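Beneath this line is the structure, given in structure tokens, with notes to follow.
Since this is a predicted model, take the numbers as computed values, not measurements. FYI, side chains are in, hydrogens and waters are out, and symmetry mates aren't considered; it's all heavy atoms of this structure.
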Amino acid sequence: MSMRYKAVVFDFDYTLGDATDAIYAGFVHGFQLMGYPVPDREAVRHTIGLLLEDAYTKLTGDESQEGRARFRALFSSVARPMQAAGIPLCEGAEALLRALGAAGIATAVVSTKHTETLESIFDHYGLRDTFAFIIGGDLVSKPKPDPEGLNEAARRLVLDKGEILYCGDTTIDANAARNAGMDFCAVLNGTTPGEAFAGLPHVHIAPDLIELRTWLGLDRSAPGCPL
């Protein structure tokens, strides 16, 4: 296989998995107990990818540390068990991860989601061992677009930044890759349209993970990787 990347690092929400139901349930629970109206589901979907506290502030206007912390606790009491019990993976995710492994390409996750939640999700599908490691938001001091998580990923992989591709679904992910000096591939499984990435560095915009697998040259019937 002719591709220059030795590792592919993924965001999670709307890149590899769809936790919308669990996330929305957590928002509804938190908002109801804190006296806010039940949030619109689409409004919640458009916050996925933000730090949870920032999503809460965006939808409520409450910037207090007390409110943000209380919301996280209430949200987590409902959303984390639901996610650990199993959420849908995006179409083509398992095939892509296993194809990368078969090709000798290392994989990892850098996400704002809690590490244990991510581990539980991948355990549910028997995919946890496909990753070299998982870095959740609880393992970094600064969330994306700060490059801390991606810098730590490069350190653990013991690779140059140019040998790593980061795949995500939001402009936050694109900016994190830019700040880390990594190539970025947008995956359009979420709410961010392709044109939003036009002004940001990217090597590819994949409509889904099935196309991404082909673009990476991982299908036997596909032509060589276009990189």
Side-chain angles (χ1 to χ4, degrees), residues 5 7-20 23-24 26-27 39-61 63 68 72 75 87 89-93 96 107-114 117-118 134-154 161-162 164-213 215-216 226-227:
Y5 300 117
V8 179
V9 180
F10 295 92
D11 172 48
F12 181 78
D13 284 310
Y14 290 151
T15 301
L16 291 178
D18 184 352
T20 302
I23 290 171
Y24 183 62
F27 268 84
D40 177 75
R41 183 181 174 92
E42 280 303 299
V44 171
R45 286 187 70 238
H46 279 80
T47 68
I48 294 176
L50 294 175
L51 184 68
L52 181 63
E53 289 84 352
D54 290 344
Y56 162 79
T57 295
K58 181 176 181 179
L59 294 180
T60 65
E63 298 180 351
R68 286 159 64 93
R72 175 173 281 277
F75 171 91
I87 63 170
L89 294 182
C90 295
E91 186 177 7
L96 172 60
T107 59
V109 173
V110 173
S111 168
T112 57
K113 194 179 291 298
H114 197 281
T117 300
L118 291 164
I134 295 170
I135 299 176
D138 54 302
L139 297 184
V140 298
S141 60
K142 297 178 181 179
K144 296 178 292 183
D146 189 276
E148 180 184 349
L150 292 180
N151 287 340
E152 174 62 14
K161 299 285 185 67
I164 304 170
L165 176 67
Y166 185 51
C167 299
D169 69 292
T170 68
T171 56
I172 295 172
D173 297 319
N175 280 309
R178 176 171 64 179
N179 293 337
M182 284 183 189
D183 281 353
F184 176 73
C185 174
V187 181
L188 306 184
N189 285 330
T191 60
T192 306
E195 54 266 28
F197 299 99
L200 293 168
H202 62 275
V203 295
H204 186 56
I205 297 178
D208 52 45
L209 296 177
I210 297 171
E211 194 276 346
L212 176 58
R213 179 182 172 190
W215 181 77
L216 288 171
L227 300 177

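A 4.5 Å side-chain heavy-atom check between Glu91 and Ile210 finds at least one atom pair inside the cut-off. Taking the side chain as every heavy atom from C-beta outward, Ile135 and Val140 approach each other to under 4.5 Å. Annotation: side chain of Val187 is not in contact with side chain of Tyr14 (no heavy-atom distance under 4.5 Å). Side chains of Asp208 and Asn189 form a contact here, defined as non-hydrogen atoms less than 4.5 Å apart. At a threshold of 4.5 Å between non-hydrogen side-chain atoms, the residues Ser111 and Asp11 count as touching. In this structure, the side chains of Phe10 and Leu96 come closer than 4.5 Å at one or more pairs of heavy atoms. A 4.5 Å side-chain heavy-atom check between Leu216 and Leu165 finds at least one atom pair inside the cut-off. Side chains of Ile48 and Thr191 form no contact here, defined as non-hydrogen atoms less than 4.5 Å apart.
Residues Ile205 and Phe197 come closest through the heavy atom pair CD1-CB, 4.2 Å. Of all heavy-atom pairs between Leu212 and Cys167, the closest is CD2-SG, 4.0 Å. Closest non-hydrogen pair, Pro147 versus Ala176, comes out as CB-O, 4.2 Å. The nearest pair of heavy atoms linking Lys113 to Phe12 is CE-CD2, 3.5 Å. Nearest heavy-atom pair, Asp13 versus Ala19, reported as atom, atom and distance to 0.1 Å: OD1-CB, 3.7 Å. The two residues Thr57 and Arg68 have their closest heavy-atom pair at OG1-NH1, 2.8 Å.
With 3.5 Å as the limit, one finds a donor-acceptor pair spanning the side chains of Thr15 and Asp169. Checking Asp173 against Thr170 by side-chain atom types alone, a donor-acceptor pair falls below 3.5 Å. A donor atom on one side chain and an acceptor atom on the other are not found under 3.5 Å apart for Thr47 and Tyr56.
Judged purely by atom type and a 3.5 angstrom limit, His46 uses its side chain to pair as donor or acceptor with the backbone of Glu42. For Tyr166 (side chain) and Val110 (main-chain N/O), a donor-acceptor pair under 3.5 Å exists by modelled atom type.
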Evaluate Leu139 against Ile134 for side-chain contact (heavy atoms from CB on, under 4.5 Å), listing each step before the verdict. CA-CA 9 Å; Leu139 297 184; Ile134 295 170; over 6 Å; no

Derivation and outcome, side-chain contact (heavy atoms from CB on, under 4.5 Å), residues Ile172 and Leu50: CA-CA 8 Å; Ile172 295 172; Leu50 294 175; 3.4 Å; yes

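Note on residues 145-154: pairs passing side-chain hydrogen bond (donor to acceptor under 3.5 Å, both in side chains), not counting sequence neighbours, are Ser141-Glu148, Asn151-Lys161, Glu152-Arg155, Glu152-Arg156.
By the side chain to side chain contact (heavy atoms under 4.5 Å, CB included) test, Arg178 pairs with Asn175, Leu200, Pro201, sequence neighbours left out.
Classification of the His204-Trp215 ring pair by plane angle, with boundaries at 30° and 60°, yields parallel.
For the atom pair OG1 of Thr171 and NZ of Lys144, the computed distance is 11.0 Å after rounding to the nearest 0.5 Å.
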